[in-house]
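Have a look at the structure below, then the notes.
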There are 2 protein chains.
Amino acid sequence: MATISDVATRAGVSTATVSRALNGKSTVDPELAARVLAAADELGYRPNGPARNLRRQETAVLALIISDVENPFFTAISRGVEDVAHEAGYSVVLCNSDDEPDKEREYVDVALQERVAGVLISPAGAGDSAEVLRAHNTPVVALDRRLEGSLGDTVLVDNQLAAREATLHLRAQGYRRIGCLTGPSGVLTADDRLAGYHDGLAEAGLTASSSLERRSEFKAAGAKDAARSLLTQDEPPDALLVANNAMAIGVLEMMAELGLRAGRDIGVVAFDDAPWATLLDPPLTVVAQPAYDMGSAGAQLLLSRIGGDHSEPTTTTLSAHLVGRGSSSKG
Amino acid sequence: MATISDVATRAGVSTATVSRALNGKSTVDPELAARVLAAADELGYRPNGPARNLRRQETAVLALIISDVENPFFTAISRGVEDVAHEAGYSVVLCNSDDEPDKEREYVDVALQERVAGVLISPAGAGDSAEVLRAHNTPVVALDRRLEGSLGDTVLVDNQLAAREATLHLRAQGYRRIGCLTGPSGVLTADDRLAGYHDGLAEAGLTASSSLERRSEFKAAGAKDAARSLLTQDEPPDALLVANNAMAIGVLEMMAELGLRAGRDIGVVAFDDAPWATLLDPPLTVVAQPAYDMGSAGAQLLLSRIGGDHSEPTTTTLSAHLVGRGSSSKG
DNA sequence: GTGAAAGCGCTAACAA
DNA sequence: TTGTTAGCGCTTTCAC
């Protein structure tokens, strides 16, 4: 592949001039610049990225470490990140941690090796993997979940408030034994949603009971089992707050198996909106999260850190909103 | 950040020995190796990726250029790619072309600059952007769609066969005016599915009619409009073959608006399975595509090209299978 | 405005 | 087995 000196030779100038002409840094004689451009074009020249990165001691690459590309919530985040990054001339490397701390560490190592300019991460469970990034002066932004310590900017959704609101909504719709199915203990979003549910119960004058609460992975399969145990007990709940979209699928599957209809038999509200939510009968009431905005806000914060902003780490809290549909209405 | 010579100094050896000890290439005295490892650990040393890549003239990175991370079909592909790549020690950079040739070119340029080891691409419309890759000796594998010319290995699904099968299935279920809603003209998958639909009609002894066919983007919004025009004409179809998942959402939305029930009023089969397909009433009959397998097969092919396999480009055709559910049954 | 030359951090001959 | 050294391709002083 053609190098900068091939271009220089062909244009009859020095490599320095080629570099200057191609990067538009310093001013170059228009005629020479034209010759350089022509030569580069004829040779199909592409600057060697690794060489440039080595010399410049920086790369225009961000790493985005999420738990699962197949989760629409995270793909929406990644869109937000990518749009902002792309706009600023940065590329984004997407990494799936599968919520496993080991895999997360591995990707953090890769990010460090490749000297990415910054990292956006939705940390898996007990993750101190961000510390090593900070130790090497790589800016980090946490998305959706908090980092241990306050090592970088954080962008969160106010899950607790949203869960409280959803619970009150169910109460207002006439449900009285409201249950909750949330994610694994120790995962911030799961715990916050449960806490908000408790807030809502208290405010509605309902008493919490562990028999109305279950935890499972943020996946359909686990949620289905949990829903069975919840719904087949002696005094089952008459409504359910479900902590994510995939879990909602498991819950609805189980309800179908048990012959229970959403809304009429069991009120249902789930986190995360989805294009198919309106196709269900009845349509699914959801808590819509601003996933795209989380991504774009996080990317913006990261870019400004990369740009040299050394002020105190910030926490941005975005709010989710309830979208009422038939699954939370008895009528 | 610590460099290889920091490690060398600390361990009291040369940089060459550090390199050898860390890469396990040549054999190093165990005692020295231990000293090197210790020194590297103490300094938190991470090899400088760009420097290594520059020196080695190669990177362990693949680029995957798809049209949309938010499309579950492509995320499944990306999982397949990533699992295989990761296993082999490669990283994957995901790029969204949004099916725009310009954006696709841009990413191809980036891939070239960064000297990625190879590229997997699901080419947008009329894409010659792969040619430039071949011109620079970067291996390319086409996924889901064919490349102009035969520039690299190709992994496809037999869409035509699958569409034919789906059409015959609808006929067997008693539908007689079967319509088809496919993607943009010029997109291989869209055209193949339409062709397969024609095959099926012919085989079932039904006559094709342009009044039963529509095209739109592979998105819900366009499909919804197309469905309206299809279903509100004088002699509307009594069944519909829909060319992808997102479009199916648009179609089902329109059917709901028109008060049409899937199965009983209009038989529906859509490409791409989805976890929510079984939650619909009636559940959606789909053509399930082996997306994960496409990704993993493509990655395997690419890796073997990177490894120096210069044999003739191959075409791998995977088959999709029909999953019959209630939306294609009158009962 | 332009060129010569140094050097980013690493690996791979080549010597010892 | 180990060290010395050259050089990957680029950008950036520093002279001119």
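Values below: every heavy atom of this structure, side chains too, minus hydrogens, waters and symmetry copies. All of these numbers come straight from a predicted model, not from anything done at the bench. Proteins come first, then strands; the chains are lettered A, B, ... in the order of their sequence lines, and each starts at number 1.
- Residues B/Arg115 and B/Glu58 are not paired through a salt bridge, judged by the lack of any N-O separation under 4.0 Å between the basic side chain and the carboxylate.
- Shown here are the side-chain hydrogen bond (donor to acceptor under 3.5 Å, both in side chains) partners of A/Thr317, two or more places apart in sequence or in another chain: there are none.
- Remark: B/Lys219 does not engage B/Asp99 in a salt bridge, criterion side-chain N to carboxylate O under 4.0 Å.
- Side-chain atoms of B/Glu114 never come within 3.5 Å of backbone atoms of A/Gly49 as a donor-acceptor pair (strictly under, hydrogens ignored).
- The NZ atom of B/Lys25 sits 20 Å away from the C1' atom of D/dG3 (whole-angstrom rounding).
- Taking 4.0 angstrom as the limit, A/Thr17 places a side-chain polar atom (N or O) nearer than this to OP1 or OP2 of C/dG3.
- Residue B/Glu87 qualifies as open at atom CD: its count of foreign heavy atoms under 6.0 Å is 12 or below.
- Residue A/Asp6 contributes atom CG, which lies 11 Å from atom P of D/dC8 at whole-angstrom precision.
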Could you go step by step and tell me if B/His136 and A/Tyr45 meet the ring pair (Phe, Tyr, Trp, His ring centres under 6.0 Å) rule? CA-CA 10 Å; B/His136 290 83; A/Tyr45 170 72; 9.7 Å; no
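- Protein atom CD of B/Glu58 is 13 Å distant from nucleotide atom C1' of C/dA12, rounded to whole Å.
- Checked by atom type and distance alone, the side chain of A/Asp144 never pairs as donor or acceptor with a backbone atom of A/Leu156 at under 3.5 Å.
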Each nucleotide in nucleotides 6-11 of chain C should get exactly one letter: B, S or -. Can you fill that in based on protein heavy atoms under 4.0 Å? BBBBBB
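- For the helix from C/dG1-D/dC16 to C/dA16-D/dT1, the end axes, each set by the C1' atoms of five terminal pairs, are bent relative to each other by 40° (nearest 10°).
- Between A/Arg79 and B/Asp98 a salt bridge is recorded (basic side-chain N to carboxylate O distance below 4.0 Å).
- OP1 and OP2 of D/dT2 both lie 4.0 Å or more from every side-chain N or O belonging to B/Ser14.
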